[in-house]
Enquirer: 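One structure coming up, written as structure tokens, with questions to follow.
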Amino acid sequence: MAERRIQVTGRLGLHARAAANLVRVASQFQSSLTIKRLDGNAQADAKSILSILTLAASRGTDLKIIADGVDEQEALDAVVGLFSRDFDETDKGGGEQVARATKELRCKGLGVSDGMVIGRVLRLQEGTPNVYRAEIAEPDLERERRRFRAAVRLSRRQLETIKDRAEKELGRGHAYIFDAHLLFLQDAKLTRDVEDFIVKERSNAEWAAKVVGDRLLSIYTQINDEYLRERGSDIEDVIQRLLANLTGEGPKYPNLSEDAVIVSTELLPSTIAELNLNHVKAIATDAGGWTSHMAIIARGLGLTAVVGLRNFYHRTRTGDQIVVDARGGEVILHPAAETLEHYRFTVHEPGPTVPDVSVDEFGPVATRDGVQILLRANVELPAEFHAVRNFGACGVGLFRSEFLLSRPGLMGSETEQYEAYRLLAEAAGEYGAIVRLFDVGGEFGPDLKERERNPALGLRAVRFNLHHKEVMRTQVRAILRAASAGRLSLVIPMVADVADVRAARQVIDEESERLAAENATFSKVQVGAMVEIPSAVLTAEKIAGEVDFFELGTNDLVQYTLAVDRGNDKVAEWFRTLHPAVLYGINRTLQAAREAQIPVIVCGEMASTPAYAVLLAGLETTDLSMIPAMIPRVRAVLSQIKVAEAREVALRCLGAATADEVEEIVRTEFKARWPELFRPNALPK
Ligand code: PEP
Ligand code: MG
């Protein structure tokens, strides 16, 4: 056995390319080569790149190299020589890395919540495969291992092609990273561990690759060195490629560190629901708009979020430092020291703030001319249940039940759902909660493999339910049963006309008959319709005759009335809540409901915006449902206005021809009538 002490002198420490060179040299010898850190117990196999990188040996780290075998002295000399030559690297590639790692990059987007956060990037790619565990029978284990090896081979071929292209188009300095990816793929620490896992756990290859990959990633997210921690994203890329090749889908995400800022091209609400929210500090996405579900949920949870950043995702690496400034609608990657100092003084993480609400701020709010307006809460996740009381809500006006589906394609059992609705009813209290049947399809895609060409106009909401009756029946039964334990109603999402209502009601009636026949404990519930499609607005009188209440979903009403994708930042300037066509739609729906004497709850984002809530009061709305945290602000404003005055403004708005005209009326009228209530930035620009 031969050994030597050595110090890492390269500026970037034992980083990926250096480690790749080390593996190449070490692999030429028969002797085993072990590297030990002298400041602890960490040690690595010098022939395994993954093992070397987990040493996190930055500049100045003292190491011991131990060679053992027939050619131990030559092996030791070769490795020590490589260290003393700084791994045969010119400074070029490393220099670029330093530049990449330190140059501040600012990107403008749309801040959709409050707060400013400093944290570390965690890249999360959407469309990643869902990996489930399957037990493999003994005789099939060999086949499973072969399947895994085939995925490794395919990944290798793909990476070689990518590397060739990168070399041609970007130069050798940029292609080296794929050498590291290729080495990860060959590394026994990955391949042998996955194969061992398959055999020992009788596991399918996907699950084995995911578990082993997650273990490696969690080691990386804990590394204390910024540059080396970045390598976690390279491993993440390789694992995702492997999983994609095994499943034929896209890739999956790693464990979260404590200050994770999720950076993604697009985030599905189901993905957010699946994250450990205690560890998510903020969200930054390339796509999205104010009313995209990701934005709604971020606001609901008090998470700092900036959306619509276009090509930001591809410029980040897991582990990069980042500032997310939702107030300024900006993200800053690799913030410079002075930027950090500025934000450290002003940093404000909104968190799920629990306000100091006194008892008389519960219940409906009375306007100055004595009109009572109910303020309810929109809720998506059980994590928000406590907010209903804390913010003084009159129960839950909208429970977006699809967020119970922790992953696309995974519908909860009747028992699980029953328990969730029972807890919801308990949290909602005397005013009760309105559960919306799963609004899946469209952007929530229950089956990512079957993405529709035009999902917003596809098999979404009530259409999905009527198409998958077994899913609908399970949910309806769970709601009816939970209704015996608390006050619950049910609302049918996205009905186009009364035919949709009738078809849905038939299923609801059949399930209550079945429950009665089974002698189950359940209660009948009130059934409402979401009015959010223009055809429903135009036939509102007909629908009103067959439901107990309406819910006005202004988010979709704007989307469908103006034909503007609510999640597409490129058309965000056409998404105008105060468009006269939207106001006519709301007004018409309210009139139809008044004539049929049924209540209307306005539950889109419009109700959460104090100035718009005043306008809604002017259109004679008396029931609003919003993000819980906004209730105190909306309450404060409504308690100081007279509905009669708001009505005058609303009528003027209904006479306008464009969104610009409506906004101008709101600006001038509100400033003149309620100068103290609305600061200029609280009014439409
Ligand atoms: C709406 O469309 O306004 C609404 C409340 O529902 P969602 O945002 O979930 O589509
Ligand atoms: Mg909707």
Side-chain angles (χ1 to χ4, degrees), residues 112-113 267-270 272-273 288-301 307 375-381 384 393 396-405 433-446 455-465 489-496 500 504 528-537 549-568 575-579 581-583 585-586 589-590 600-609 612-613 616 621 623-628 630:
V112 292
S113 61
L267 269 187
L268 289 177
S270 56
I272 303 179
W290 179 260
T291 63
S292 59
H293 279 93
M294 198 287 284
I296 293 172
I297 236 193
R299 281 194 291 278
L301 291 167
V307 303
L375 305 176
R376 307 183 196 243
N378 289 349
V379 170
E380 287 81 35
L381 295 171
E384 294 171 288
V396 173
L398 174 67
F399 179 57
R400 291 181 164 102
S401 66
E402 59 278 5
F403 289 91
L404 290 176
L405 312 176
I434 302 171
V435 181
R436 179 170 73 185
L437 292 181
F438 295 140
D439 188 350
V440 286
E443 69 167 294
F444 325 96
L457 306 182
L459 195 66
R460 183 186 153 184
V462 68
R463 303 168 190 179
F464 172 89
N465 285 289
S489 320
L490 177 160
V491 68
I492 311 162
M494 242 187 87
V495 299
D500 280 343
M530 292 282 300
V531 178
E532 47 191 349
I533 301 186
S535 62
V537 171
F549 62 95
F550 276 168
E551 292 224 43
L552 245 165
T554 55
N555 305 333
D556 277 314
L557 190 61
V558 177
Q559 155 160 281
Y560 294 123
T561 303
L562 304 179
V564 179
D565 180 350
R566 60 194 269 192
N568 181 349
F575 192 95
R576 306 286 289 271
T577 301
L578 295 192
H579 195 287
V582 174
L583 299 185
I586 294 173
T589 309
L590 291 169
V600 183
I601 300 151
V602 183
C603 62
E605 294 309 283
M606 191 177 179
S608 301
T609 314
Y612 297 178
L616 286 167
T621 314
D623 205 331
L624 301 172
S625 191
M626 65 200 78
I627 296 160
M630 288 307 292

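Each ligand, and each atom within it, is numbered from 1 in the order the structure gives. Keep in mind that this is a model prediction, so the values were computed, not measured.
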Enquirer: Near Cys603, which atoms of ligand 1 are under 4.0 Å from a heavy atom of that residue?
Expert: 5 (C)
Enquirer: Is the shortest side-chain N to carboxylate O distance from Glu551 to Arg436 below 4.0 Å?
Expert: no
Enquirer: When you measure from the heavy atoms of Ile296 to every atom of ligand 1, does any distance fall below 4.0 Å?
Expert: yes
Enquirer: Hey, are the side chains of Glu605 and Ile627 touching, using non-hydrogen atoms and a 4.5 Å cut-off?
Expert: yes
Enquirer: Would you say Asp556 reaches the Mg ion (ligand 2) with an N/O/S atom under 2.8 Å?
Expert: yes
Enquirer: Salt bridge or not between Arg400 and Asp439? Use side-chain N to carboxylate O under 4.0 Å.
Expert: no
Enquirer: Is ligand 1 under 4.0 Å from a heavy atom in the side chain of Leu398, in the backbone, in both, or in neither?
Expert: side chain
Enquirer: Assess the residue pair Tyr612 and Val602 against the criterion (side-chain contact (heavy atoms from CB on, under 4.5 Å)); give the C-alpha distance rounded to whole Å, side-chain angles, the decisive distance to 0.1 Å, and a yes or no.
Expert: CA-CA 11 Å; Tyr612 297 178; Val602 183; over 6 Å; no
Enquirer: Among the heavy atoms of Arg460, does any lie under 4.0 Å from an atom of ligand 1?
Expert: yes
Enquirer: Check for a donor-acceptor pair, side chain of Asp500 on one end and backbone N or O of Val462 on the other, with a separation under 3.5 Å.
Expert: no
Enquirer: Taking the non-hydrogen atoms of Arg436, is any one of them nearer than 4.0 angstrom to ligand 1?
Expert: yes
Enquirer: Run the numbers for me: atoms of ligand 1, each under 4.0 Å from some heavy atom of Arg400, listed by number.
Expert: 4 (C), 5 (C), 6 (O), 7 (P), 8 (O), 9 (O)
Enquirer: If I apply the N/O under 3.5 Å rule, does Asn555 come out as touching ligand 1?
Expert: yes
Enquirer: Is there a donor-acceptor contact under 3.5 Å from the side chain of Asn555 to the main chain of Gly604?
Expert: no
Enquirer: When Ile586 is tested against each of Leu552, Val537, Thr561, Val531 for side-chain contact (heavy atoms from CB on, under 4.5 Å), which residue passes?
Expert: Leu552
Enquirer: Name the option, out of Gly553, Ser625, Ala456, that contains the heavy atom nearest to atom 1 (C) of ligand 1.
Expert: Gly553
Enquirer: Where on Glu551 is there a heavy atom closer than 4.0 Å to ligand 1, on the side chain, on the backbone, on both, or on neither?
Expert: neither
Enquirer: Need the atom name: nearest N/O/S atom of Glu532 to the Mg ion (ligand 2).
Expert: OE1
Enquirer: I'd like to know if the side chain of Thr621 reaches the main chain of Leu616, judged simply by a donor and an acceptor atom lying under 3.5 Å from each other, with no hydrogens or angles considered.
Expert: yes
Enquirer: Consider every N or O of Arg566 and every N or O of ligand 1, then say whether any pair is closer than 3.5 Å.
Expert: yes
Enquirer: Within 45 degrees of the axis of the six-membered ring of Trp290 and under 6.0 Å from its centre: does Arg566 put its NZ or CZ there?
Expert: no
Enquirer: Under 4.0 Å from a heavy atom of Asp556: which atoms of ligand 1 are those, numbered in the order shown and with their elements?
Expert: 1 (C), 2 (O), 3 (O), 10 (O)
